[in-house]
Amino acid sequence: MSSDEKPDGRPAVPRSLAEALRTRDDASLAALLRARPDLITPVPTDLTQLATRAGTRASVVRALERLDRFALQTAEALAVAGDPASYDELLGLMAGDDGDATVAAALPRAVGTLREQALVWGGDDRLRLVRTARELLSPSPQHPSPTGLGPTVQEATAGMSPGRIQELVAAAGLPSTHDAVSAAAALTALFTDRERMAKLLGQAPAEAREVLSRLVWGPPYGQVTADPAAHLRWLLDRGLLLPTAPGTVVLPREVALHLRGGRAHRETEPVPPPVEPAGPTGTRQGSPQVVDATAAGQAYTALATVEELLKDWDEGGPAVLRAGGLSVRDLKRTAVALDVSEPVAAFWVELAYAAGLIASDGEADERYAATPAHDEWRERPAADRWAELAGAWLAATRTAGLVGGRDAKDRTLAALGPGLDRSVAPEVRRRVLALLAALPAGTSPDPESVLARLRWERPLRGPQQEDDLRSRLARWTLQEAELLGVTGRGALSAHGRALLGAPEPHAADDAARTQGSPDVPDTPGDKLPVHHRAAPAGAPAAGTVPPGPADPQARAAARAAAARLLAPLLPEPLDHVLLQADLTAVAPGPLQRPLADVLDVLADVESKGGATVYRFTPASVRRALDAGRSASDLHAFLAAHSRTPVPQPLAYLIDDVARRHGHLRVGAASAYVRCDDDALLNEILADKRSAALRLRRLAPTVLAAQADPAALLEGLRALGYAPAAESAEGDVVITRADARRTPPRTPPEPVPEGPPVPDATLLAAAVRAIRAGDLASTAPRKTPGTPPAPGELPRTSPAETLATVQAAVLTGEALWIGYVNADGAASQRVIAPVRVEGGFVTAYDHTADEVRTYPLHRITGVAELADD
C-alpha cells in the first residue's frame, strides 16, 4: 500500500471531485443534492457521473448565482489563487496582509458552503475550485474578473520573446536566466516579495506610481502610444506593465496584489448588512396589537375589493385579447370601478386569477368571468377567504408589477396575459417576509436596508439582470403585502407570520443568529479544520430561504393558522341596515351574505368606507323585480332587516315601480311589445323618442320592432317604462346576477425556477441509488485478459457467463455484471446469485438492495470481484 492510500485502498488525498464525493457521508451528499437539485434530474448512476454533472457549465452557473456575496467573493479569490491553493493563501487574499478578524471568522463558513455545493474540493492544504467555475471567474480580456485583477506574469509573458523577457529581468535588477520560464518565475518571485517590491517601487517616478494607482483596482488594462512617455517606459522596462496587444498594456496580478496589500477585493463583505427599522431615527416600532389591527382592517378591505371585482365581472367580464389578457381600456374601466390606480387594479385582477376565482370562459367570443370556485369561496368565513387569497399570492409566479411594461419583443405586457411569470417571485416574497419576521414584533423595516440585504444574499452577476429584477420584486412585495393585509404599517402581522410558517418573534431572532442567516460568523477561537465547517445537513445555504412547504398539508396548515389568528380581528357580519328617508340605507359594517346579496341587487352602492351607503332608485328596484322578487317580498325583506321603520318614500318607490313593472312584455319576433292596455301602446307610438326603435302596430295589444329584444328593452327603459322580457312560452324571464360562469377551471400553476427542491424521501432514495451504482462501478474485480475501460460493461460469451453465475451460486460469491434492460438502457450491477434456471438468474442485487430476477441473455458479461 502506497503512502498516499488509506487501508481500504482509496487515496488519502482525493485526486478528483468524484473521489472527494466518495469521502462524504450520506447526509453530506443529501445536502449537496438539496442545494443543487438539478444534479438529480435524472438521478446519476454513480458518483463519477454526479461529479461530471456538477462540473457542467449550466449547473455551475446556477450554483454560483445562488451564492451569497461573501461566498461568491471567496470563489472569486480562489479563481485568482494558485491551483491548488492552501487555506492560508486564500485567507491572505480575503483578509489582506494586515489581516481582518471579521473576514477570518467568516471565511470557514464560506469555504464550507462552497464545499457543500461541490464548487470546491480538496483538503485545507490543497483547495481546488472546480474547473468550470475557475474558467467563469478567472480574469481574461473578454471577461474581466470581478476582482479587477489581470493575468499573472507567467500568463502575460507567454507570447513574449525570450530576449525581451531577459531585458525585463535585467532592468528589474535580477540576474539573467537560461530560459523564458525561469525568467518569468524570477519576476514573479520579485513581485510577490513585499520587501523587494517596496524597494523597487520606491525608485519609481511619481507619475508612474499615479498610473499604477489608476489600474490597481481594475480594470487592469490601459492604452499606450508607440512612443510612451518616460514614466510609462520606466514601468514597461521593469515588467510592472506588460504588453498584451499593440497599444495595450496590463498590470500583472502580482503587482496589483502588492499594491492592494494582498487583498483580492477592494471591499469584502463577510457579514450581511442588517435590516434596519424604518424612520428617521431608525427606531420605528409600533404596538404589535396596533399592527395586527391595521393589517386586519386592510385584509377586510382586500376581501371587499376582490368581491367587488368579482361582482363587476359576475355576468361576464371584459373580452380576452387575441394575444391573451386584458386590454388597456378594460383595465382602466376596472380601475375606475374599484376606485384604485391601474397598477393596483392589475394586482387585484392577477390575485383573483391566481386564486382561481376568475378565468376565461373558452367561448368563441371569449370573455373573462367568475369560476364555479368563486361561489364556493364566497360562502366560506371571511378569514378563510383571506387566507386562500394570501396563500395564492405567496406562491404565485405571475407578477402584477410587470403589467404595462415591455417584453423582449417590445410588446406591452397585459394583465392576465402571457409573459408575466417570474419563477423567482415566490422565493423573493418569502425571503422579504422572513426578513420582516426576524425583526421585533411591530417593527417596520427600512425598505432600502431590505434591498441591500437581498443584494448581499444574491449578488448580481452580469449586466444588471433585467434591471435587478429581485430588487423590483422586493419593492412590489412590500407594497402588495400592505395591500393584502399581510403587513400593517409596514410591519409583519401575527397572521402574516403564521402564513409564512415563521416562529414567534423571540424564536425568530435566535434562529436568525444560529441557523438560516450568517449574521454571526464562526468564532476565531474555533479550531476545527475548514472541511468540518460545512453547513449541517438539511440546513439551507447561507443567504438563502427555503421555498414554501412542498407538502400541501403543510401549506393548508399554515393557511388555517393564519385564518385562526385573523378571525377575531375581523368585524362580525351584521344582519341589519339603517333605512333613511332620503332613499338610502346605511350598513354600519360588513353584512351577512344573504343580506348583502339581496341588497346589492335592490340598491346601488353610493359610498364605501367604515360604513357603506346604498341608494334605492327606480332602476335598482326594477333590477330586483327582474330577478324574480315581488313588491311584497321587497317590503317584507326591508322590514325584517332594518333597525328603523321603512320610510314612506321608499315604500312608495317600490309600489310605483312594481305597478308598472311587467305591464309591457318584450319578446322575440325579431322583437315585439305586448300589453293589455292599448292606450299605453298608443302613448309609446306617439312618443317621438321611440322613433329609433321603428315600432309598428300588429294588433291592438302588440307592437313589432326591428330592434333585437335586448335593445328594445333598453330603449323602453330609457323612455321611462318598466318592460319585462318574456320567453317563447310567454313566461316572464327572470334574470339573476350569477348567470355567467366559466366551466370548471384550475388556478394557474406557478412556473418553477429550475427543478423543484427534492423532499427527504426522494433525497434518501437518490443517495441510496448513487451509492449502489458507485459500488457496482468501483468494486475490485477479477477480469481475465484486458479489463474494461472505466464506464464500459464487462464482455463475456454466453457460455462463460452461465458457468461463472452457476459457480457463484455454489460458492455464494458476489459478481459484477453488465445488464441491458428492455428499453436498451445499460447499467452495471453487483449481484449475489441464488439460483439459475430456465434462462434466468435470481440474485440479491446489491445495487438495488433487493432480490431480482434477470434474463441471462440480457447480461452482457460477468466478472468475479477481487478477494479484497
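Keep in mind that what you see is a predicted model, and the values were worked out from it rather than measured.
- Put simply, the side chain of Arg115 gets close to the backbone of Gly122: a donor and an acceptor are under 3.5 Å apart.
- Using modelled atom types, no side-chain atom of Glu116 and backbone atom of Gly112 make a donor-acceptor pair closer than 3.5 Å.
- Counting heavy atoms of neighbouring residues, nucleotides and ligands inside a 6.0 Å radius, atom CG of Asp25 exceeds 12 of them.
- Distance CG/Leu215 to CG/Leu259: 9.5 Å, rounded to 0.5 Å.
- Looking at Arg233 and Asp237, a side-chain N of the basic residue comes within less than 4.0 Å of a carboxylate O on the acidic one, giving a salt bridge.
- Leu201 and Leu212 make their closest contact through CD2-CD1, 3.8 Å (heavy atoms, listed as atom of the first residue, atom of the second, distance).
- Side-chain atoms of Thr157 never come within 3.5 Å of backbone atoms of Ala184 as a donor-acceptor pair (strictly under, hydrogens ignored).
- A distance of 9.5 Å separates CD of Glu76 from CG of Leu67, quoted to the nearest 0.5 Å.
- A salt bridge links Arg66 to Glu427: at least one charged side-chain nitrogen sits closer than 4.0 Å to a carboxylate oxygen.
- Taken to the nearest 0.5 Å, the CG atom of Leu33 stands 6.0 Å off from the CG atom of Leu50.
- In terms of heavy-atom proximity, Pro252 sits nearest to Leu242 at CG-CD1, 3.7 Å.
- Under the 4.5 Å side-chain criterion, counting only non-hydrogen atoms from C-beta, Pro44 is in contact with Ile40.
- One N or O on the side chain of Ser449 and one on the backbone of Glu276 form a donor-acceptor pair closer than 3.5 Å.
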**Message:** Applying side chain to side chain contact (heavy atoms under 4.5 Å, CB included) to Arg429 and Trp476, what does each step give before you reach the verdict?
**Reply:** CA-CA 9 Å; Arg429 291 192 192 106; Trp476 294 332; over 6 Å; no

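- Across all non-hydrogen atoms, the minimal contact from Val432 to Leu454 is CG2-CD1, 3.8 Å.
- With sequence neighbours excluded, the residues satisfying side-chain hydrogen bond (donor to acceptor under 3.5 Å, both in side chains) with Thr147 are Ser145.
- Residues meeting the side-chain hydrogen bond (donor to acceptor under 3.5 Å, both in side chains) test with Arg126, sequence neighbours left out: none.
- His265 is listed as a side-chain neighbour of Thr268, based on a closest heavy-atom distance under 4.5 Å.
- Side-chain polar atoms of Asp125 and Ser86 form no donor-acceptor pair below 3.5 angstrom.
- Contact detail for Ala81 and Leu93: the closest heavy-atom pair is CB-CD1, 3.5 Å.
- The nearest pair of heavy atoms linking Pro274 to Arg453 is CA-NH1, 4.4 Å.
- Checking Arg22 against Thr48 by side-chain atom types alone, a donor-acceptor pair falls below 3.5 Å.
- Other residues, nucleotides and ligands contribute at most 12 non-hydrogen atoms within 6.0 Å of the CZ atom of Arg57.
- Checked by atom type and distance alone, the side chain of Glu269 never pairs as donor or acceptor with a backbone atom of Trp456 at under 3.5 Å.
- Arg458 contributes atom CZ, which lies 13.0 Å from atom OG of Ser471 (distance to the nearest 0.5 angstrom).
- Here the straight-line distance linking atom CZ of Arg134 with atom CG of Leu136 works out to 12.0 Å at 0.5 Å rounding.
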**Request:** Show your reasoning for whether side chain to side chain contact (heavy atoms under 4.5 Å, CB included) applies to Arg196 and Leu200.
**Result:** CA-CA 6 Å; Arg196 289 195 294 161; Leu200 176 64; over 6 Å; no

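- Within the 3.5 Å criterion, the main-chain N or O of Gln117 finds a donor-acceptor partner in the side chain of Arg36.
- With a 4.5 Å cut-off on side-chain heavy atoms, Thr74 and Thr113 do not count as touching.
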**side chain to side chain contact (heavy atoms under 4.5 Å, CB included) evaluation trace for Asp446 with Val275** = CA-CA 7 Å; Asp446 175 20; Val275 177; over 6 Å; no

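- No donor-acceptor pair under 3.5 Å is formed between the side chain of Thr399 and the backbone N or O of Gly401.
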**Request:** I would like to know whether Leu168 and Leu236 meet side chain to side chain contact (heavy atoms under 4.5 Å, CB included); could you show each step before the answer?
**Result:** CA-CA 8 Å; Leu168 297 178; Leu236 289 167; over 6 Å; no

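- Remark: the backbone N or O of Gly96 is not paired with any side-chain donor or acceptor of Arg263 at under 3.5 angstrom.
- Ion pair Arg53/Asp38 not flagged as a salt bridge, since none of the NZ, NE, NH1 or NH2 atoms sits closer than 4.0 Å to an Asp/Glu carboxylate oxygen.
- Using a 4.0 Å cut-off between charged side-chain N and carboxylate O, Arg253 and Glu155 make a salt bridge.
- A donor-acceptor pair under 3.5 Å links the side-chain atoms of Arg260 to the main chain of Ala264, judged by distance alone.
- The two residues Leu174 and Ala186 have their closest heavy-atom pair at CD1-O, 3.7 Å.
- No donor-acceptor pair under 3.5 Å is formed between the side chain of Gln166 and the backbone N or O of Ser161.
- Taken to the nearest 0.5 Å, the OG1 atom of Thr192 stands 7.5 Å off from the CZ atom of Arg194.
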